[in-house]
Amino acid sequence: MWSRVTNWAFRRTPPFRPPPDLDDLHAATHTSLAVPVAVEGAPDVRVDVFRPRAAGPHPLLVWMHGGGFILGSPAIAADLSLYLAARGMLVATPAYSLAGTAPYPAPVRQAVATVRAFVADAARWDLDPGRVALAGDSAG
């Protein structure tokens with residue numbers, strides 16, 4: 001029974017196609033990879049930043065990638081980050097510590113440090129420190 005359901009589901013899944021406006025998204029954004037952020041009580045973290053080229057101030061979204069705290073990287077969320085940045089949001093995606101490299105709650109501390117660091121340096125990033133969100137998928 002299960003194999004019939006999964007076969008049906010995957011047979012109906014359309015193949016992945018990049019968005020038709022991918023070049024426009026890149027033209028509307030600026031990407032800074034592996035921006036260092038100091039973290040108290042956990043390893044420092046590197047953050048991938050996607051920001052609009054248009055003048056701000058922009059809202060900040062700190063996006064925690066999925067992967068069950070055991071795998072993954074900010075690259076998982078790169079397309080989403082690019083899409084949101086092209087529409088006016090600064091997106092910061094930390095490469096938080098995975099299980100086996102630092103004990104929990106290191107990823108939580110790294111997320112909090114990322115929010116604090118970007119809000120503290122709002123002028124540099126052209127962001128509005130009053131419009132901040134923390135989100136993610138799966139473990140994020």
Report whether [X] and [Y] are members of the same hydrophobic cluster (ILVMFWY, side-chain heavy atoms less than 4.5 Å apart, transitive linking).
X: Val37; Y: Val62; result: yes
X: Phe118; Y: Phe50; result: no
X: Tyr96; Y: Val115; result: yes
X: Val35; Y: Leu134; result: yes
X: Leu84; Y: Val49; result: no

Sub-4.5 Å side-chain heavy-atom contact between [X] and [Y]:
X: Leu82; Y: His26; result: yes
X: Val45; Y: Thr114; result: yes
X: Thr93; Y: Val47; result: no
X: Val119; Y: Pro129; result: yes

Closest approach of [X] to [Y] (non-hydrogen atoms, all atoms of both residues):
X: Ser97; Y: Pro107; answer: O-CG, 3.4 Å
X: Gly72; Y: Leu98; answer: O-CD1, 3.8 Å
X: Ile70; Y: Ala99; answer: CG2-CB, 3.9 Å
X: Met64; Y: Pro94; answer: SD-CG, 3.6 Å
X: Arg109; Y: Gly41; answer: NH1-O, 3.1 Å
X: Arg53; Y: Thr29; answer: NE-O, 2.9 Å

Report yes or no: does [X] contribute a side-chain atom to a donor-acceptor pair with the main-chain N or O of [Y] at less than 3.5 Å?
X: Asp48; Y: Ala34; result: yes
X: His30; Y: Arg51; result: no
X: Asp137; Y: His65; result: no
X: Gln110; Y: Pro43; result: yes
X: Asp44; Y: Val39; result: yes
X: Ser81; Y: Ala77; result: yes

| query | Going through the distances and angles, do Asp126 and His58 end up as a side-chain contact (heavy atoms from CB on, under 4.5 Å)? | reply | CA-CA 6 Å; Asp126 196 16; His58 305 287; 4.0 Å; yes
| message | Can you tell me if Tyr83 has over 12 outside heavy atoms packed within less than 6.0 Å of its OH? | response |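 No.
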